[in-house]
Amino acid sequence: MTQANLLNHLWQSTLFAAAAGLLTLALRNNRAPVRYWLWFAASIKFLIPFSVLITLGSQFEWRNAPTAAVLPNYAAPLTVAIKDVGRPFIPSAPVPADHTPILLGLWLCGASVVLIAWTRQWLRVRSALRTASPLPLDLPMRVKSSPSRLEPGVFGIFRPTLLVPEGITDRLTPEQWRAILAHELCHVRRRDNLTAAIHMAVEAIFWFHPLVWWIGKRLVTERERACDEAVLLASGDPETYAEGILNVCKFYVGSPLPCVDRKSTRLNSSHL
């Protein structure tokens with residue numbers, strides 16, 4: 001990918017993310033899954049150049065497409081906007097070719113820092129899983145009890161494992177415990193670990209783009225709200241659920257990985 005193509009892809013992805021953000025504001029009274037998938041679409045756009053989307057769209061083009069002369073007046077601004085977005089970006093002062101190795105080296109350093117940080121966090125979680133013991137619960141996934149102070153969370157993408165701290169049932173009422181389990185099962189059904197891992201790849205590649213990190217925070221917030229809404233819809237007891245979450249946050253620490261449930265994020269949720 002040339003420098004011009006890269007800059008073109010970056011500004012188009014930024015524009016797409018800004019449009020997704022405006023849509024989430026317009027849909028702030030809707031359910032959280034709607035906003036979540038809008039933010040995830042903005043994340044995926046960083047991995048897919050606009051030219052690929054245009055090529056895919058051309059495969060579904062109408063055979064008898066209307067000509068410009070018969071388009072309604074209100075469609076003209078939209079047509080112009082689409083052409084502007086698809087227009088190649090030509091920098092006024094292109095970066096000299098001899099600077100390319102320097103920029104590539106800086107990018108590799110930044111990506112390496114991100115990957116090393118995540119690897120250290122993953123090893124910490126992996127260590128907790130190795131020292132955990134199986135817990136016999138009637139759930140559609142493996143459950144392990146860990147002596148660590150990590151709060152309950154689902155680990156793994158294709159073979160998820162629910163890791164809970166030892167003695168957690170002594171700190172929660174049966175109703176609170178069932179609500180926490182329902183929340184974790186919701187993450188599994190939604191495959192949140194998979195989508196979170198995809199965005200982690202986006203963050204590793206585009207670590208220099210602040211909007212990518214902002215999207216990551218919004219994804220975490222909306223996925224937690226989405227599971228909260230599902231639990232509250234099924235139980236209809238927000239007080240018990242909120243008390244359970246507060247107790248978990250009081251006695252345990254959150255996971256360091258973005259692809260694992262973070263209950264502290266939910267404390268600011270308006271749904272509780």
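Not counting sequence neighbours, the partners of R218 by the side chain to side chain contact (heavy atoms under 4.5 Å, CB included) test are W39, W214, T221, E222, R225. Looking at residues two or more places apart in sequence or on another chain, you find a ring-ring contact (aromatic ring centres under 6.0 Å, His included) between F46 and F206, H209. Listed by chain and residue number, W107, L108 satisfy the side chain to side chain contact (heavy atoms under 4.5 Å, CB included) test with L104 (two or more places apart in sequence, or in another chain). For R190, the salt bridge (charged side-chain N to carboxylate O under 4.0 Å, His left out) partners two or more places apart in sequence, or in a different chain, are D192. R178 meets the salt bridge (charged side-chain N to carboxylate O under 4.0 Å, His left out) test with E175; sequence neighbours excluded. Applying the side chain to side chain contact (heavy atoms under 4.5 Å, CB included) test to A20 and every residue at least two apart in sequence or in another chain returns A42. Scanning for salt bridge (charged side-chain N to carboxylate O under 4.0 Å, His left out) contacts around R31 gives E229, with sequence neighbours left out. Under the rule for a side chain to side chain contact (heavy atoms under 4.5 Å, CB included), the partners of W213 that lie at least two apart in sequence or sit in another chain are V114, W118, E203, W207. Under the side chain to side chain donor-acceptor pair (under 3.5 Å) criterion, S145 pairs with no residue, sequence neighbours left out. Listed by chain and number, the residues in a side chain to side chain donor-acceptor pair (under 3.5 Å) with S112 amount to none (sequence neighbours excluded).
No donor-acceptor pair closer than 3.5 Å links the side chain of H187 to the backbone N or O of R223. Using modelled atom types, no side-chain atom of N193 and backbone atom of V188 make a donor-acceptor pair closer than 3.5 Å.
Using a 4.5 Å cut-off on side-chain heavy atoms (C-beta onward), R124 and L150 make contact.
One side chain, N8 or Q12, offers a donor N or O that lies under 3.5 Å from an acceptor on the other.
Judged as a salt bridge (charged side-chain N to carboxylate O under 4.0 Å, His left out), not a single pair has a partner in residues 6-15 (not counting sequence neighbours). For residues 6-23, no pair satisfies salt bridge (charged side-chain N to carboxylate O under 4.0 Å, His left out), with sequence neighbours left out.
Ring planes of F40 and Y36: parallel class, angle under 30° (limits at 30 and 60°).
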